[in-house]
Amino acid sequence: MSQQQTPGVRIFDTTLRDGEQAPGISLDVKEKLEIAEQLARLQVDVIEAGFPITSQGDFEGVRAVAGTVGTAGGAPVIAALARCHPDDVSRAADALKPADRSRIHVFLSTSEVHRTAMLHGASEDEIVRQAVDAVRRALTYTDDVEFSPQDATRTDVDFLMRIVDEVVEAGATTVNIPDTVGYAIPHDFGTLIADVVARVGADVAVSVHCHNDLGLAVANSIEAVRNGAQQVEVAVNGIGERAGNCSMEEVVMALATRVDLLGRPTGVNTREIARTSRLVSALTGYPVQFNKAVVGRNAFAHESGIHQHGVLADRLTYEIMRAEDVGVAGAQIVLGKHSGRHAFTRQLESMGYTLAKEEVGRAFARFKELADRKVEISDADLEAIVADEVYATDDDAFELVWTQLSGGTATAPSATVRVRRTADGTEIDEVAIGDGMVDAVCGAIRRAVGIDGTLVTFNVAAVTPGVDALGDVTIQVEVGGQRFTGRGVSTDIVEASARAFLSALNKSVRLRHRAVAATPETP
Ligand code: KIV
Ligand code: ZN
């Protein structure tokens, strides 16, 4: 297959695969789909949706993304990861079957330390044999096959070049050079990529996949692009193993802002960046640091008088990008108390959301409830409601009916909750005392549902400015050694916390009911 010879850089998004490998993140099928739909709106070129052999849930996630996002007009390529094992490859192919355009991404460790510690000391010849077999096998399912020599940057260069030659000969259409442990330094990495590009020829795309252990993932990726890489692998908000992956928003905006120097734009619709970042943060439970480049709360904020003066006179004094170009600015007031269901649905559609009928019903009820407490509802509020509804699914085991709080600084805080068991409609009331209101309400819910969940992380953010802002609570709860993310929004922080806590417990129930296939180690 001949690769495009445009100067553009392809964006391969691995938020749903490598990003999801970050500690404590576990996205269910519905959440994966929601993120994949947003990645399609962002117009990335490839979505790596998962690693199907690892679990039934991952298989279903890839299949759902392939069957919906992967079949829409102009859809991105949907990719799935596989080790160089026949079963992995066929499982990936099965999961990808519904997609219009699919890619099988096979990987195998090549560095000596990995081969010794993880592959029983497999010889170079053996590694080459397995890689070539896997590429050939993958090509029987799709003409789009990517190969990654894992830990490439700590692999003997001669062996790296040998395996690159062999997989290209076997028919790989993309060769990815992963800096698996974030070991590379830009200048050096650029030289390596230039060598690989010169070697593979025009019909094979060279890709890079940089981890951020030394904070250099974006710099290394840009240096690779300068040296001819055609694809960059990224994750939204830079999430991923350890210090994470190359951040999508940073690399895309660097390529856009310095197109004068690099001449290598991407096809990403940058105006969708902020929304994508918020959605991924909400569904993964990973907050975005205030000073994070491009999408942090302070990325376009000016504090000192001198800076404010400069920006008011001419924003170019202190801004190299326009906030509106990344979708940050101008969350307009869109709806209010008197807006009807039609206006509500139209607004969601104009924002790119298409919800199922029952989801619209639930979201509209939440909107009306909110409109009674908050005069003006913005795009950001609507987004928060929609993301909240992604958590509340029809198969939730429990739903929150109400919470009641008492106590204050002089008396111990106590909370009463009513929870409905959805299977039979039974309502359960429980009360608990806690160190604070949030602790009390979580204690009462824990008793009502009979699940011993421990609150591990707790983040609260205001969706918009103002005292009537929606509070957006994202938490991680540990149940039986496994972490679940929950999210809740409300103008009342304690109620938002209760919703978030219950949504995490509901996920633990759902997982218990799901059959999980054998889980090999992830890369
Ligand atoms: O970091 C890594 O090496 C990977 C590969 C599977 C590409 O994630
Ligand atoms: Zn990786």
Side-chain angles (χ1 to χ4, degrees), residues 10-23 25 46-54 58 62 77 79-85 88-89 91-92 95 103-115 117-119 127 130-131 134-135 138 144-155 159-160 163-164 167 172-184 189 192-193 196 205-218 220-221 224 229-248 251 284 286 519-523:
R10 278 177 240 153
I11 297 296
F12 174 114
D13 185 279
T14 185
T15 307
L16 297 177
R17 197 279 297 169
D18 213 334
E20 211 223 6
Q21 285 175 216
I25 299 183
V46 184
I47 296 176
E48 186 167 51
F51 188 2
I53 193 81
T54 56
D58 233 47
V62 174
V77 173
L81 187 67
R83 293 170 303 179
C84 289
H85 292 176
D88 277 45
V89 174
R91 190 81 174 140
R103 175 179 300 182
I104 299 180
H105 176 190
V106 289
F107 76 98
L108 187 57
S109 287
T110 47
S111 67
E112 196 172 336
V113 59
H114 275 221
R115 285 190 285 122
M118 294 159 63
L119 300 174
I127 296 289
Q130 287 183 24
V135 167
D144 188 349
V145 173
E146 173 168 331
F147 175 77
S148 290
Q150 191 177 204
D151 203 16
T153 48
R154 291 191 300 167
T155 297
F159 177 47
L160 183 64
I163 200 159
V164 164
V167 294
T173 46
T174 299
V175 171
N176 181 42
I177 303 298
D179 183 25
T180 305
V181 289
Y183 183 68
F189 192 58
L192 175 70
I193 297 307
V196 176
V206 174
S207 165
V208 291
H209 174 109
C210 297
H211 279 268
N212 206 29
D213 298 64
L214 292 173
L216 292 172
V218 172
N220 283 327
S221 303
Q230 286 119 318
Q231 174 179 288
V232 174
E233 304 199 352
V234 298
V236 176
N237 298 336
I239 59 173
E241 289 277 2
R242 307 179 311 281
N245 283 78
C246 176
S247 145
M248 176 280 293
V251 87
T284 57
Y286 266 50
T519 309
E521 281 175 16
T522 50

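All residue numbers in this chain count up from 1 along the given sequence. Counting starts at 1 for both ligands and their atoms, in listed order.
When the N, O or S atoms of H211 are ranked by distance to the Zn ion (ligand 2), NE2 comes first. Nearest N/O/S atom of D18 with respect to the Zn ion (ligand 2) is recorded as OD2.
With hydrogens and angles disregarded, no donor-acceptor distance shorter than 3.5 Å links the side chain of N176 to the backbone of S148. With hydrogens and angles ignored, the 3.5 Å screen pairs a side-chain donor or acceptor of T110 with a backbone N or O of Q150. The backbone N or O of T155 lies less than 3.5 Å from no partner atom in the side chain of S111, so there is not a single donor-acceptor pair. Side-chain atoms of H211 come within 3.5 Å of backbone atoms of G244 as a donor-acceptor pair (strictly under, hydrogens ignored). With hydrogens and angles ignored, the 3.5 Å screen pairs no side-chain donor or acceptor of D151 with any backbone N or O of T180.
Side chains of D18 and E233 form no contact here, defined as non-hydrogen atoms less than 4.5 Å apart.
Not close to ligand 1: Q21, with no non-hydrogen atom less than 4.0 angstrom away.
Within ligand 1, the atoms closer than 4.0 Å to a non-hydrogen atom of Q150 are 3 (O), numbered from 1 in the order shown. Distances below 4.0 Å separate heavy atoms of D18 from the following atoms of ligand 1: 8 (O). Each of the atoms 1 (O) of ligand 1 lies under 4.0 Å from some heavy atom of H211. Near S148, meaning under 4.0 Å from any of its heavy atoms, are these atoms of ligand 1: 7 (C).
Using modelled atom types, one finds no donor on one side chain facing an acceptor on the other under 3.5 Å when comparing E146 with T174.
The nearest N, O or S atom of E241 is not closer to the Zn ion (ligand 2) than 2.8 Å.
Within 6.0 Å of CD in Q130 there are more than 12 heavy atoms belonging to other residues, nucleotides or ligands.
No part of R83 comes within 4.0 Å of ligand 1, judged by heavy-atom distances.
Looking at H209 next to ligand 1, an N or O pair under 3.5 Å apart turns up. For ligand 1, the polar-atom distance check finds no N/O of D151 at less than 3.5 Å from any of the ligand's N/O atoms.
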